[in-house]
Amino acid sequence: ALREEKLRNQKEGKDKEEFDDIILFEGDVKISVEKDGSKTVISSDKIIYNRTREMLYAGGKVLLEQTDKAGAISTINATSVLFNTSTLEGIFDEGRIIQTETNSLNLPSGSTLVVASDTFARNNSGTIAFKKGELTFCNNENPHWKIKATRIWLLPGNEFAFFNAVLFVGNIPLLYFCSNLRMLLP
């Protein structure tokens with residue numbers, strides 16, 4: 001169920017080419033989507049929602065906060081988001097995801113998972129694929145360590161996968177992994 005939580009301006013109409021029902025929200029917009037016990041709140045300057053296809057586009061400064069049924073919270077900042085409200089799948093541009101508590105990854109108490117990427121996507125199984133990304137457990141601007149890779153996957157079951165990855169300590173490259181590397185969290 002899509003719900004408007006905060007908005008300044010709303011226009012409704014039909015797409016001239018596809019004849020889909022379109023709603024345009026402008027201003028300081030906040031929309032929530034609830035499905036299967038999880039709640040996703042999307043805040044942005046502008047949101048376009050296609051009711052026929054159940055697709056949402058958010059542009060400008062986008063903040064997406066997702067709380068799953070167990071209470072785990074993920075926060076995503078991005079410049080734009082294309083989001084399917086029925087499957088909760090999405091594509092994010094110039095984004096950064098921060099998870100402080102999660103049940104899909106067994107993080108130690110007090111840990112924070114931070115992944116930033118030019119482009120990333122999340123499918124309905126919970127797998128998140130990152131293109132040209134950086135992963136760390138330090139939420140500082142200059143983390144103590146990070147892994148940079150051309151591809152990063154956060155997989156269900158406490159697993160990561162990397163392709164063409166470099167481990168940095170500070171700004172110093174320490175290890176290079178040219179092939180696919182899978183890691184399992186404790």
Side-chain angles (χ1 to χ4, degrees), residues 1-105 112-136 139 141 149-156:
L2 182 76
R3 183 178 333 148
E4 303 95 5
E5 295 196 2
K6 180 180 176 185
L7 59 101
R8 288 191 184 150
N9 189 9
Q10 174 182 339
K11 298 177 188 172
E12 295 189 36
K14 295 252 186 212
D15 182 305
K16 293 179 180 161
E17 294 178 16
E18 302 290 328
F19 302 106
D20 291 344
D21 286 327
I22 304 289
I23 304 173
L24 171 65
F25 303 100
E26 292 181 304
D28 189 13
V29 182
K30 187 182 267 189
I31 301 242
S32 66
V33 179
E34 294 185 39
K35 182 179 180 192
D36 298 332
S38 71
K39 182 176 182 179
T40 303
V41 179
I42 301 170
S43 304
S44 181
D45 300 328
K46 177 181 179 179
I47 294 178
I48 301 170
Y49 180 62
N50 184 322
R51 273 196 272 202
T52 308
R53 297 173 192 245
E54 298 185 55
M55 293 296 291
L56 180 146
Y57 169 81
K61 187 177 178 182
V62 181
L63 174 65
L64 185 142
E65 295 175 310
Q66 192 165 47
T67 307
D68 69 13
K69 55 187 161 192
I73 300 170
S74 296
T75 303
I76 300 173
N77 294 294
T79 57
S80 67
V81 174
L82 185 61
F83 190 75
N84 186 316
T85 59
S86 65
T87 63
L88 305 181
E89 297 172 314
I91 300 172
F92 305 83
D93 287 325
E94 297 177 28
R96 179 178 164 101
I97 183 169
I98 300 170
Q99 292 182 327
T100 53
E101 294 179 25
T102 179
N103 294 329
S104 62
L105 295 172
T112 300
L113 171 68
V114 180
V115 186
S117 177
D118 293 344
T119 304
F120 63 95
R122 179 183 181 272
N123 67 15
N124 62 355
S125 73
T127 298
I128 305 173
F130 298 87
K131 185 176 181 181
K132 295 182 184 173
E134 292 184 13
L135 179 141
T136 186
N139 196 13
E141 187 174 326
T150 55
R151 297 287 187 274
I152 300 172
W153 296 271
L154 297 181
L155 306 167

Q) Is there a donor-acceptor pair closer than 3.5 Å between any side-chain N or O of Lys35 and the backbone N or O of Ser86? A) yes

Q: Identify, with sequence neighbours excluded, every residue that meets side-chain hydrogen bond (donor to acceptor under 3.5 Å, both in side chains) alongside Asn123.
A: Ser125

Q: Dump the intermediate steps for side chain to side chain contact (heavy atoms under 4.5 Å, CB included) on Ile152 and Ser117, then the final yes or no.
A: CA-CA 9 Å; Ile152 300 172; Ser117 177; over 6 Å; no

Q.
Once side-chain hydrogen bond (donor to acceptor under 3.5 Å, both in side chains) is applied, do any residues pair with Glu89, and if so which ones, sequence neighbours excluded?
A. Thr87

Q) Can you tell me how far OG1 of Thr40 sits from CG of Leu56, rounded to the nearest 0.5 angstrom? A) 10.5 Å

(Q) Applying side-chain hydrogen bond (donor to acceptor under 3.5 Å, both in side chains), can you list everything that pairs with Thr119, at least two apart in sequence or on another chain? (A) none

Q. OG1/Thr52 to CG/Asp21 distance, rounded to the nearest 0.5 angstrom?
A. 4.5 Å

Q) Closest approach of Ala78 and Val81, non-hydrogen atoms and distance? A) CB-CG2, 4.1 Å

Q: Assess whether side chain to side chain contact (heavy atoms under 4.5 Å, CB included) is satisfied between Leu113 and Leu135, documenting all intermediate values.
A: CA-CA 8 Å; Leu113 171 68; Leu135 179 141; 4.0 Å; yes

(Q) For Asp36, give me all partners under side-chain contact (heavy atoms from CB on, under 4.5 Å), at least two apart in sequence or on another chain. (A) none

Q: Scan for salt bridge (Lys or Arg N to Asp or Glu O under 4.0 Å) pairs involving residues 114-134, sequence neighbours excluded, and state none if there are none.
A: Glu134-Lys148

Q.
Give me each pair satisfying ring pair (Phe, Tyr, Trp, His ring centres under 6.0 Å) with a member in residues 56-76, each pair once, sequence neighbours excluded.
A. none

Q: Quick one: pull up CG in Asn139 and OG1 in Thr112 and give me the separation to the nearest 0.5 Å.
A: 6.0 Å

Q. Ignoring hydrogens and geometry, is there a side-chain-to-backbone donor-acceptor pair from Thr85 to Glu54 under 3.5 Å?
A. yes

Q.
How long is the straight-line distance from CG of Asn50 back to CE of Met55, given to the nearest 0.5 Å?
A. 8.5 Å

Q | Atom pair NZ/CD1 of Lys39 and Ile73 - distance to nearest 0.5 Å | A | 11.5 Å

**Q.** Value rounded to 0.5 Å, distance of CD in Gln66 from CD1 in Ile97
**A.** 8.0 Å

Q: Please say which of Ile42, Val33, Val41 ends up in a side-chain contact (heavy atoms from CB on, under 4.5 Å) with Leu64.
A: Ile42

(Q) My understanding is that only residues two or more places apart in sequence, or in another chain, count here; which of them pass side-chain contact (heavy atoms from CB on, under 4.5 Å) with Glu65? (A) Leu63, Thr75

Q.
Is it the case that the side chain of Ser44 and the backbone of Gly59 share a donor-acceptor pair, with hydrogens and angles ignored and the cut-off at 3.5 Å?
A. yes

Q) Taking all atoms of both residues into account, what is the closest heavy-atom pair of Val29 and Asp45, and its distance? A) CG2-O, 4.1 Å

Q) Tell me, which pairs form a ring pair (Phe, Tyr, Trp, His ring centres under 6.0 Å) where one or both residues lie in residues 68-98, sequence neighbours left out? A) Phe92-Phe120

Q.
Which residues pass the side-chain hydrogen bond (donor to acceptor under 3.5 Å, both in side chains) test with Asp93, not counting sequence neighbours?
A. Ser80

